[in-house]
Amino acid sequence: MPELPRSLTRSWSSTLKLPKSTFPARVTPADQAKYLRRCTDDLYAWQRRERPADRPFVLHDGPPYANGGLHVGHALNKILKDIICRVQLGKGKAVRYVPGWDCHGLPIELKALEAQKELGETNNGPVSAAVIRKAARKLAGKAVKDQMKGFRGFAVMGDWENHWKTMDKAFEKRQLGIFREMVEKGLIYRRFKPVYWSPSTGTALAEAELEYKEDHTSTAALVKFPLVSVPPHLAQNPLLQVKDLSAVIWTTTPWTLPANAVIAVHPDLEYTIVQSETHGHLLIAQTRIEYLQNILKEDLSVIVPAIRGSELADRTTYRPLFKGPDADVQPIITADFVTADSGSGLVHCAPGHGMDDYEACVSRGIPAFAPVDDQGRFTDQAMPSDPAKLSGKSVLDEGNTAALEYVQSEGHLIAKHLYEHKYPYDWRSKRPIIIRATEQWFADVADIRSSAVKALDDVNFVPASGRQRLENFVKNRSEWCISRQRAWGVPIPALYHQGTGEAVLTKDTVSHIMNVIEQRGIDAWWTDDADDLAWIPPFLQDASGPGYRRGTDTMDVWFDSGTSWAEIDTPYSNGHPSDVYLEGTDQHRGWFQSGLLTFTAHQLASGKSDAPRAPFKHLITHGFTLDEEGRKMSKSIGNTIEPQAIMDGTLLPPLKPRKGKGKQQAESKGPVYDALGPDALRMWAASSDYTRDVVIGKQVLQTVNTSLHKYRVTFKLLLGALSDFRLENRLPHDQLQHVDRIALMHLSQMVVASQKACENFEFYKAVNAINRWANLEFSAFYMEAIKDRLYTYGENSPSRRAAQTTLFHIYHYLQEVLAPITPMLVEETWEHTPEAIKSRCEHPLRRVAAVPDSEWQTPTLETDYQDLVAVHGAIKTAQETARAKKEMGSSLQSFVHIVLPEGVNGSVFQRNLAELPDQFVVSSVTLGAPGEVTPSAIVDAQWHYTEEYQLLSGQKGTVHVFTPQAGKCPRCWRYVVPEQPAEEESLCGRCDDVVQQLDAVKSS
């Protein structure tokens, strides 16, 4: 090809090395499905085959409840777990993550009952346990299938095919085995004592199943109990008429008065007897006189000024209010829980309806009495002398009112008022609970809690405050009510004597029942004939006696999920079955605690350890999801966000209009949105400080999408710049240009910060480090500085290869740091990686993440960078002034003269003068000393602006930005061509050399 005369205009773009890449601006749905499979199922299967089995990492899944659809809280939880697993994968570990589901319990049972009603199969009568269980199993199975599909769509990798469910036969068998160990150890017992009871759902509840309503309103009452006897020295007081003397109590649960057994005082409090015109003589705490006067609206006369509680105890009796005139008198006792902070300073105790009351009474041989049925209604025993007055009435509603009306009618009511306070509710039905004594099965926590707390010593808590929270829950718990009066669950394998009702629960009876379950299935416990002797061990079978029956109680679902550590089949790491447990902060009182207690009991019962370990090495908790106004997500408020809407982009407008979408078409079909897929959800989760409550909304997601878009643009740029790069083209560090070495220093800092943050489970710090680097140090600094080298220099020039070497390192490490967070994007980059690079590198999702080369961290480079940024900032300020006056356009349309501060020698500007035009993206840079005469080129320039800068050392200098003093090169657009006739078009010397080389290659 003959060379064109230089005087003729020529298209120079064909001579430039513009970036070329197949990486698309957007990913198609079909490609997303392909990448999703590769970075989840295929990757998990690969690492299970290839990673060494002696380097396991186990993240044990806190099972979500198999009921209903997924919300953003589910997404936050599962994605955080997946990021942790992928970080460990990047450390060369063999990851074990087997998802699980909690399938038993009341919500599913209630849904099953509702489904039977809709099918018309209840006939308005009770539904059999067998029918409930069949329907519940079907509902749970469908929910598991639907939720699994959703979780997998979040790009969560795991052993989905081998997932576990608490309703699986193998799981239930392991659970019963652990229960048997605790029975053998004596840790399981049955007792009639008060428990949390839900009248709305008809079952006992664990503390973890309660939620507290802050503004619950009760009818509080001041009630007087007539005293029968008092200590002798009080009875001899001539001013005191014992027959007119009453003890005053204050209660927020008047419905418990029929179950009153004692009145408690504090042994060290001072009590007094006062005289009221309307209520006679009253016994009350000395500090509560003013309170009583305000209630009665009268002045009270003090008859006996000071009586210690210890003087009253066991020598004072009173008459109960609901047991009739012939009832035995009841004592006043002492109890440490009594205070004089509110009420009267005397506490009415009903051991059948209060935990503290029960403990105080049982130690004195006073039995619990609870005349309330499963539905929370009074029984005939509430008022034996006149059962119709209370029987059948709800204690939380009309029964409470009726009890107060009776007290008032008998002249024992001093006052009543509405009282707003914190009160426990059933977290499922959202209805208030009561405390009620029933026959229940308990696990003895008191016997193992010290070992359980000790087991937390070597556990890492994230956040650290979780340690105290969990320890407090365990320390303050003496027993765990594990029985539930429901049909859908694992049965408590107890047998009951049909004559006496006595329960039998031993290692041998449980073993026998487990064998029958193995043969017949667990549902047979309910479906087999009630008299089927197969369930009764031979040693309990007596043809002459009434025999035994199977119980109907099921185990607390927290016992189900609490024993899930038993499904882990990987050798324990330092005594811990799992490396990580991660759930919401509410699980300190739920799954974390039940897992800790059951694993501690298992170790002690099996004799495997005298110093038990926790089932987890790291315990991580996350907060709840809130909207942008700080409100908890709620369907009733209408502020919920569906995870799918985040992934398919329907929440946000596109970052840029799509090609081919005309205005008319867009208006007819609605706005066009960018679908960023699972990575959008994952970026939101990773960028949140999950140790607190996590905010989500359009503004938050817009920031997330902007970051993802930045990553995509960055990868497209990198892939384009590396399209003709081969690994053999790489240059050693000492042959790179100064700006390249600065870029690698920044890259190293970002990678190290990201890796450290991920190791500490602080993913938001990793995202912050990546975003800062991408926006400032890479995009705004390095890429601006090397574009000219990449596009206009000769293909194999050392300068261009140095830039490509640097970009290759950036590409390599950016894939690694983003691999745990945005695996879909990383998988896509690998698809479009040039074959010359791909054939020599390992897949980024399979690599063992490396620490950047230590030589990249040269201390002086940071100072150089800060000084360059300071001068560049001054140059940009001057250029903006020129732009505002329309004196210049491109930054190349300027010359720069830097006046260095006094005494500056060996600065980055002096050492790298030849590189400065590229770094500042200007056409020329010259240096001057302080006090020198301003060059005439500046003085005579068409425009000229001066700005001051300050170096990191504090020294100040100035920069002059002025009109270029040379012509524009038509190929590289730098103003470096000597002045020439207007009709001629000449290249700069560098471009001329490149073009001649290209022409020579074409000619040959």
Side-chain angles (χ1 to χ4, degrees), residues 731-750 773 776-778 780-786 788-789 793 797-803 805-806 809 852-879 891 894-938 945-962 965 974 976 990:
L731 297 180
H733 188 261
D734 59 4
Q735 293 182 28
L736 302 181
Q737 291 194 9
H738 180 256
V739 72
D740 301 328
R741 294 197 295 274
I742 289 179
L744 291 181
M745 174 196 68
H746 286 151
L747 176 67
S748 177
Q749 291 172 344
M750 180 272 285
W773 169 86
L776 298 178
E777 296 158 351
F778 175 72
F781 176 73
Y782 185 63
M783 275 311 301
E784 285 297 309
I786 66 168
D788 196 51
R789 291 163 60 191
Y793 280 51
S797 67
S799 177
R800 185 169 182 273
R801 290 307 189 200
T805 297
T806 306
H809 290 310
D853 198 317
S854 59
E855 70 175 339
W856 294 3
Q857 287 293 339
T858 305
T860 57
L861 289 176
E862 184 60 40
T863 302
D864 289 352
Y865 170 68
Q866 295 297 336
D867 288 348
L868 287 169
V869 168
V871 170
H872 200 184
I875 293 171
K876 286 182 176 179
T877 300
Q879 288 173 335
S891 61
S894 57
F895 274 24
V896 172
H897 183 70
I898 304 172
V899 180
L900 297 174
E902 187 76 43
V904 171
N905 293 305
S907 69
V908 61
F909 309 103
Q910 293 159 319
R911 286 184 277 111
N912 300 283
L913 180 60
E915 294 185 27
L916 295 182
D918 281 342
Q919 293 183 19
F920 295 146
V921 197
V922 297
S923 289
S924 173
V925 176
T926 54
L927 299 179
E932 69 174 8
V933 177
T934 303
S936 59
I938 299 176
Y945 298 99
T946 302
E947 291 290 337
E948 188 179 74
Y949 65 85
Q950 181 174 312
L951 301 179
L952 194 61
S953 63
Q955 296 171 291
K956 295 181 179 180
T958 56
V959 294
H960 300 274
V961 180
F962 56 101
Q965 304 298 299
R974 294 180 307 143
V976 291
R990 187 185 70 196

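In this text, all values refer to a predicted model and were calculated from it rather than measured experimentally. Values below: all heavy atoms of this structure, side chains included; hydrogens, waters and symmetry mates excluded.
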Novice: Residues two or more places apart in sequence or in another chain: which of them pass side-chain hydrogen bond (donor to acceptor under 3.5 Å, both in side chains) with E855?
Specialist: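 Once residues adjacent in sequence are excluded, E855 has no partner under the side-chain hydrogen bond (donor to acceptor under 3.5 Å, both in side chains) criterion.
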Novice: Do the side chains of P917 and R974 get nearer than 4.5 Å, heavy atoms only?
Specialist: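 The answer is no; the side chains never approach within 4.5 Å.
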Novice: Between CG of L861 and CG of L868, what distance do you get to the nearest 0.5 Å?
Specialist: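 Answer for the CG-CG pair, L861 versus L868, is 10.0 Å.
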Novice: Give a yes or no answer on whether the side chain of S891 reaches the backbone of V921 with a donor-acceptor pair at less than 3.5 Å.
Specialist: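 Confirmed, S891 side chain pairs with V921 backbone.
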Novice: Could you tell me whether Y782 and H746 have their ring centroids closer than 6.0 angstrom?
Specialist: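 Judged by ring-centre distance (under 6.0 Å), Y782 and H746 do not meet the cut-off.
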Novice: Mind checking salt bridge (charged side-chain N to carboxylate O under 4.0 Å, His left out) for R741 and listing every partner two or more places apart, or none if nothing turns up?
Specialist: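 None.
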Novice: Indicate the atoms forming the closest heavy-atom contact of V739 with A785, along with that distance.
Specialist: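 For V739 versus A785, the nearest heavy atoms are CG2-CB, 4.0 Å.
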Novice: Considering only residues two or more places apart or on different chains, which pairs with a residue in residues 866-876 satisfy side chain to side chain donor-acceptor pair (under 3.5 Å)?
Specialist: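 Residue pairs with at least one partner in residues 866-876: E862-Q866.
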Novice: Could I get the full list of side-chain hydrogen bond (donor to acceptor under 3.5 Å, both in side chains) partners for S924, not counting sequence neighbours?
Specialist: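 Once residues adjacent in sequence are excluded, S924 has no partner under the side-chain hydrogen bond (donor to acceptor under 3.5 Å, both in side chains) criterion.
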Novice: Might you point out which heavy atoms bring T806 and A743 nearest each other, and give the distance in Å?
Specialist: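 Shortest heavy-atom separation between T806 and A743 comes out as CG2-CB, 3.9 Å.
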Novice: What distance do L736 atom CG and L744 atom CG have between them, rounded to the nearest 0.5 Å?
Specialist: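 Those atoms lie 6.0 Å apart.
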Novice: Once ring-ring contact (aromatic ring centres under 6.0 Å, His included) is applied, do any residues pair with F909, and if so which ones, sequence neighbours excluded?
Specialist: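 Result, ring-ring contact (aromatic ring centres under 6.0 Å, His included) vs F909: none returned.
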Novice: Would you call Y865 and E777 a side-chain contact if the rule is heavy atoms closer than 4.5 Å?
Specialist: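 When only atoms from C-beta onward are counted, E777 and Y865 do touch, with a gap below 4.5 Å.
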Novice: Atom CG of N905 and atom CZ of R911: how far apart are they, to the nearest 0.5 Å?
Specialist: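 Interatomic distance, N905 CG to R911 CZ, rounded to 0.5 Å: 11.5 Å.
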Novice: Could you report the tightest heavy-atom contact between I875 and V959, atom names first, then the distance?
Specialist: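 That would be N-CG2, 4.1 Å.
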Novice: Under 4.5 Å between any side-chain heavy atoms of H809 and D853, yes or no?
Specialist: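 Result no, sub-4.5 Å side-chain heavy-atom pair not found.
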Novice: Which heavy atom in A802 sits nearest to a heavy atom in Q737, and how many Å separate them?
Specialist: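 Nearest heavy atoms, A802 then Q737: CB-N, 4.4 Å.
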Novice: Does any part of the side chain of D740, heavy atoms only, come nearer than 4.5 Å to the side chain of I786, both counted from C-beta?
Specialist: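 Result yes, sub-4.5 Å side-chain heavy-atom pair found.
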Novice: Does a donor on one side chain sit under 3.5 Å from an acceptor on the other, for S894 and Q879?
Specialist: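 S894 vs Q879: donor-acceptor pair found between side chains.
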Novice: Holding to salt bridge (charged side-chain N to carboxylate O under 4.0 Å, His left out), I want the full list of residues that pass it with E915, two or more places apart in sequence or in another chain.
Specialist: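 Testing E915 for salt bridge (charged side-chain N to carboxylate O under 4.0 Å, His left out), a comparison that skips the adjacent residues, returns none.
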Novice: Identify the heavy atoms of A870 and Q950 that sit nearest to each other, and give their distance.
Specialist: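 Between these two residues, the closest heavy atoms are CB-O, 3.4 Å.
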Novice: Of the non-hydrogen atoms in T958 and H960, which two are nearest, and what is the gap between them?
Specialist: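 Scanning both residues completely, I find the closest heavy atoms to be OG1-NE2, 4.1 Å.
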Novice: Which residues pass the side-chain hydrogen bond (donor to acceptor under 3.5 Å, both in side chains) test with S923, sequence neighbours left out?
Specialist: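 Partners of S923 under the side-chain hydrogen bond (donor to acceptor under 3.5 Å, both in side chains) test: none.
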Novice: My understanding is that only residues two or more places apart in sequence, or in another chain, count here; which of them pass side-chain hydrogen bond (donor to acceptor under 3.5 Å, both in side chains) with D788?
Specialist: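 Testing D788 for side-chain hydrogen bond (donor to acceptor under 3.5 Å, both in side chains), a comparison that skips the adjacent residues, returns T792, R990.
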Novice: Could you give the distance from OG1 (T858) to CG (D864), rounded to the nearest 0.5 Å?
Specialist: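 These two atoms lie 9.5 Å from each other.
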Novice: Taking side chain to side chain contact (heavy atoms under 4.5 Å, CB included) as the definition, give me every residue that meets it alongside P901, ordered by chain and number, with sequence neighbours left out.
Specialist: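 In terms of side chain to side chain contact (heavy atoms under 4.5 Å, CB included), with neighbours along the sequence ignored, P901 is linked to V904, Y949, L951, Q955.
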Novice: Suppose we screen for salt bridge (charged side-chain N to carboxylate O under 4.0 Å, His left out). Which residues come up paired with D918, at least two apart in sequence or across chains?
Specialist: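 Once residues adjacent in sequence are excluded, D918 has no partner under the salt bridge (charged side-chain N to carboxylate O under 4.0 Å, His left out) criterion.
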Novice: Output all residues satisfying ring-ring contact (aromatic ring centres under 6.0 Å, His included) with F895, sequence neighbours left out; order by chain, then residue number.
Specialist: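 Only F962 meet the ring-ring contact (aromatic ring centres under 6.0 Å, His included) criterion with F895.
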Novice: Using modelled atom types and a 3.5 Å cut-off, is there a donor and acceptor pairing between side-chain atoms of S799 and backbone atoms of R789?
Specialist: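 No, the answer is negative, given that no donor and acceptor are paired below the 3.5 Å cut-off.
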Novice: Excluding sequence neighbours, so at least two apart, what forms salt bridge (charged side-chain N to carboxylate O under 4.0 Å, His left out) with E784?
Specialist: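 Result, salt bridge (charged side-chain N to carboxylate O under 4.0 Å, His left out) vs E784: K787.
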Novice: Within a strict 4.5 Å, meaning less than it, do heavy atoms of the L900 and Q910 side chains meet?
Specialist: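 A side-chain contact exists here, since the closest heavy-atom pair is under 4.5 Å.
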